[in-house]
Amino acid sequence: MIASSHVARGTIFEMRRYNPSEIEPRWEAIWEQEEAFRAVEEEDGRRRFYKLHMFPYPSGDLHMGHAEAFAISDIIARYRWMQGHNVLHPIGWDGFGLPAENAAIKRGIHPKEWTYRNIEDQGRTFRSYGMSFDWTRTFATCDPEYYRWTQWVFLKLYEKGLAFRKLAPANWCPKDQTVLANEQVIQGRCERCGTPVVRKDLTQWFFKITDYADRLLDDMELLEWSDRVLTLQRNWIGRSYGAEVTFEIAETGEKIPVFTTRPDTLWGVTFFAFAPEHPMLGRLAEAGGTSAAVKELQDRLQRIGAAERDEALSREGLALGVHAVNPVNGEKVACFVAPYVLMEYGTGAIMGVPGHDQRDFEFAREHGLEIRVVIQPPGQDVAPDQLAEAWPHEGVMVNSGPFDGTPSPESIDAVTRWLEKEGKGRAATSYRLRDWLISRQRYWGAPIPIIYCPSCGEVAVPEQDLPVLLPDDVDFSPHGESPLAKHEGFVQVACPRCGEAAKRETDTMDTFVDSSWYFLRYTSPHDDQEAWSRESVDRWLPVDTYSGGIEHAILHLLYSRFVIKVLYDLGYLGFVEPFTTLVNQGMVLYGGEAMSKTRGNLIELGPTIQKWGADTIRLTVMFASPVQDDVDWATVSVSGVHKWLGRVWRAVFAAAEAGSGSRGGFGTAGDGDAAAPAGDELRRLAHRTVKAVTADYERIGFNVAISKMMSLTNELQRALDGGVRGEAAREAAEKLVLLLAPMAPHIAEELWHEALGHTDLVSKAPWPTWDEGLAKVQEVVMVVQVDGRVRDRINVAADATEEECRGLALASQRIKKFLGGREPIQVIVRAPKLVNLVTLAD
RNA sequence: GCGGGCGUGGUGGAAUGGUAGACACGCUGGCCUUAGGAGCCAGUGGGCGAGAGCCCGUGCGCGUUCGAAUCGCGCCGCCCGCACCA
């Protein structure tokens with residue numbers, strides 16, 4: 001018994017105005033009191049449904065972007081409750097991260113205080129938005145009770161050899177004396193001070209995600225995600241098939257492999273090039289007598305950023321004075337150092353084929369190197385000096401010794417097999433994906449649980465010593481190394497193995513590590529014995545529907561998939577993909593631009609709810625466009641939706657009153673027979689609407705679902721005005737309220753109790769059903785076409801046969817007029833909707 | 001350059017290969033009201049017509065089909081991602 005003051009049927013109805021500011025807080029309090037949306041851990045025969053939305057970053061309060069995203073999540077969760085599922089719909093916060101630190105530096109308050117204050121604000125706004133979260137399971141990733149287990153996950157990867165340190169170039173701002181994440185480098189400059197960023201080599205921690213490249217690609221077939229996101233991930237991993245071919249340096253005898261996707265162009269190699277960071281370069285330059293010039297080039301590159309390097313150096317290069325021997329024909333070609341060769345991809349060295357690669361072509365032109373045609377476009381005979389650009393496409397091999405005449409694409413396999421047989425190379429696969437750099441020289445993150453001992457070396461913090469607590473009293477302004485490095489109490493530690501004085505790792509983890517496993521923790525959020533209970537995780541996971549912004553299409557989703565696969569391999573989980581279905585919502589724009597604080601066009605959610613009510617906002621963002629499309633808040637009509645809710649309010653109260661008097665049954669009119677057919681029609685419409693709207697909920701077509709509910713509202717009111725009374729009116733009103741409940745839960749509860757007199761929560765009420773017979777249309781408008789043009793419309797019974805339709809169409813006076821005596825040469829009948837009379841021969 | 005997506009009224013958007021523009025916003029006219037960010041009614045793709053109605057119309061072109069916004073091919077334009085990835 002929840003309703004405090006529901007009005008019994010048959011009493012005098014008091015027609016109140018729709019007043020969301022009075023209704024909404026009341027129902028929010030009731031849901032919370034009743035723990036209406038608490039996921040049930042025990043087995044109770046219901047299907048479990050895990051609805052997750054990407055947890056928010058606690059910077060400031062919620063804005064309209066959150067309004068759109070979380071409305072989708074909440075509607076799905078509430079719909080599943082009404083479908084009789086046991087729903088897990090949790091919320092937490094991605095608490096660590098740079099913005100907290102920067103905001104804190106700017107405002108002079110501690111990141112912790114700033115973060116937890118924002119979490120509190122956001123939580124309050126979520127409640128006033130009517131979110132059906134299970135509030136008993138909430139946490140933030142910056143809680144020590146949480147990051148303890150993030151550190152534990154790190155240790156599991158470390159034990160498996162998947163977390164390791166290596167020297168790697170980082171983005172370094174010389175002014176701020178700090179390492180920057182890629183996202184903080186805007187066009188080669190520091191996002192904060194505008195100083196050009198330089199490369200600096202630092203020893204940093206990585207996760208070996210590259211080991212999982214194939215599985216991350218191949219398991220995509222298990223996912224119901226949009227092609228868009230899957231393609232983004234596929235491109236990001238960037239798997240290429242080809243061959244590794246070993247060249248030999250003529251002067252030193254050193255062997256150096258290169259990766260190529262086009263082994264069929266091997267006879268077109270006219271030069272060889274190394275990346276400027278290639279480790280062999282020093283020795284080769286020495287052998288070639290070019291050490292000074294090479295050193296000068298390397299130093300210059302070191303000083304400038306990656307972006308500038310791309311533009312300024314384009315096809316620059318320097319001959320090393322040594323030669324590489326092409327294994328297929330024994331030719332010696334000149335070796336270069338060239339900045340367009342990347343150390344990070346393949347082997348850091350390339351074979352140069354100017355005839356068939358545009359970059360090699362431009363390089364050859366620049367340096368006066370030979371251009372050779374070894375793949376002839378089909379049916380053509382192109383001489384090298386006729387080439388205006390490289391020919392990277394398919395063709396027939398020429399000037400290629402034993403392979404002359406071999407057509408691509410078979411030529412690639414043929415040459416690869418030959419290389420393997422001759423011991424000159426082998427089939428190989430290369431990836432664009434790099435290992436995941438997780439070190440951050442920052443304060444506000446989870447400390448990496450590693451200790452460096454002078455005797456024992458790198459030692460993992462024992463599990464029972466977790467968490468490695470982040471100290472509060474730290475000077476977190478940037479100084480070029482982690483702020484933790486200056487905190488003696490943190491750094492100094494006894495070696496867990498030998499007890500000697502040792503030092504802690506002072507870098508913290510990338511926040512993407514925190515968010516790569518948080519969805520597991522919701523299943524047992526307060527467990528202080530283990531990160532998650534295997535039993536509980538197996539019950540709830542994988543997530544049934546995961547929703548969130550497209551901006552996380554690559555990093556967060558890829559990292560989570562990777563971590564889950566590792567944990568599966570280690571036996572901690574029983575599934576390989578965390579998120580079965582993914583829904584990406586569009587952005588909320590303002591005047592065609594993304595909302596942002598700096599632009600000053602950020603519409604906050606809290607005040608907007610104050611003004612219109614949560615239900616109106618939820619419906620407005622859902623009605624404005626399909627969920628995956630953007631919404632421009634500058635052009636939406638909040639008042640249109642608000643007015644509709646007013647009509648729903650009045651119609652449902654009126655219907656309840658009209659339905660309370662006579663209980664005579666469906667279609668019975670209170671005042672006269674005239675309304676009986678209208679009541680019958682209303683009833684059919686109600687059933688038809690339930691069927692259609694249910695399908696819309698299933699496919700997440702919320703904008704269309706709303707339009708159908710609007711139509712039902714309009715017809716209900718019209719029917720009431722036309723004198724419809726009794727069950728027909730009441731049933732239509734009930735079904736409307738039930739259909740509306742996931743989207744506008746507050747007004748739905750109020751009407752369910754106050755107008756319709758129920759005592760249970762509509763939020764947990766069974767989803768409305770429909771009668772197929774009633775939902776079926778009785779009479780339809782049949783379109784009669786002559787030669788594909790609509791010439792008449794005839795009302796026919798929905799079950800009219802093909803023969804009946806044909807007869808009606810041919811009997812039509814209008815159609816006779818259009819036929820003008822001609823006999824149709826063909827009659828297409830699609831009973832009962834369409835007849836097409838064809839008179840034209842083609 | 002490569003990959004993906006998208007082009008429908010003044011606007012947001014509907015439309016299992018079968019009535020294009022549902023449902024709204026906006027606008028126009030009218031009614032009601034002391035008043036209203038209220039309510040109600042009618043109209044609203046373009047052209048022609050007094051009207052019944054006719055013609056045109058989903059970026060452009062070609063095609064498949066009795067029939068195309070929808071399927072295929074070729075353009076044009078816009079958006080997003082990656083970008084010297086060998």
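Throughout, protein chains are lettered first and strands after them, A, B, ... in sequence-line order, and every chain is numbered starting at 1.
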> Out of B:C55, B:G12, B:A14, which nucleotide sits closest to the side chain of A:Arg789?
Replying inline: B:C55

>> Using a 4.0 Å heavy-atom cut-off, does A:Trp633 contact any base of the nucleic acid, only the sugar-phosphate backbone, or nothing at all?
In response: nothing

> Listed by chain and number, what are the salt bridge (Lys or Arg N to Asp or Glu O under 4.0 Å) partners of A:Glu772, not counting sequence neighbours?
Replying inline: A:Lys691

>> Test of understanding: with side-chain hydrogen bond (donor to acceptor under 3.5 Å, both in side chains), list the residues that count as partners of A:His642, not counting sequence neighbours.
In response: A:Thr616

> In chain order, what residues pass the side-chain hydrogen bond (donor to acceptor under 3.5 Å, both in side chains) check against A:Trp633, with sequence neighbours excluded?
Replying inline: none

> For A:Arg791, which contact category applies under a 4.0 Å heavy-atom criterion: base, sugar-phosphate, or nothing?
Replying inline: sugar-phosphate

> Among all residues two or more places apart in sequence or in another chain, which pass the side-chain hydrogen bond (donor to acceptor under 3.5 Å, both in side chains) test with A:Asp360?
Replying inline: A:Tyr340

N/O-N/O pairs, protein side and nucleotides 18-26 of chain B side, under 3.5 Å:
| residue | atom | partner | partner atom | Å |
| --- | --- | --- | --- | --- |
| B:G18 | O6 | A:Arg830 | NE | 3.1 |
| B:G18 | O6 | A:Arg830 | NH2 | 3.3 |
| B:G18 | N2 | A:Gln785 | OE1 | 3.4 |
| B:G18 | N2 | A:Asn836 | ND2 | 3.4 |
| B:U19 | O2 | A:Arg793 | NE | 2.9 |
| B:U19 | O2 | A:Arg793 | NH2 | 3.0 |
| B:A24 | OP1 | A:Asn714 | ND2 | 2.6 |

> With sequence neighbours excluded, what pairs up with A:Asn235 under the side-chain contact (heavy atoms from CB on, under 4.5 Å) test?
Replying inline: A:Thr231

> In chain order, what residues pass the salt bridge (Lys or Arg N to Asp or Glu O under 4.0 Å) check against A:Arg228, with sequence neighbours excluded?
Replying inline: none

>> Going by the rule side-chain hydrogen bond (donor to acceptor under 3.5 Å, both in side chains), which residues pair with A:Ser21 if we only count those two or more places apart in sequence or in a different chain?
In response: A:Asn19

> What pattern of brackets, bars and dots sums up RNA chain B from 5' to 3', given Watson-Crick or G-U wobble pairs under 3.5 Å, [ ] for crossing pairs and | for another strand?
Replying inline: (((((((..(((.....[....)))((((((.......))))))((((....))))..(((((..]....))))))))))))....

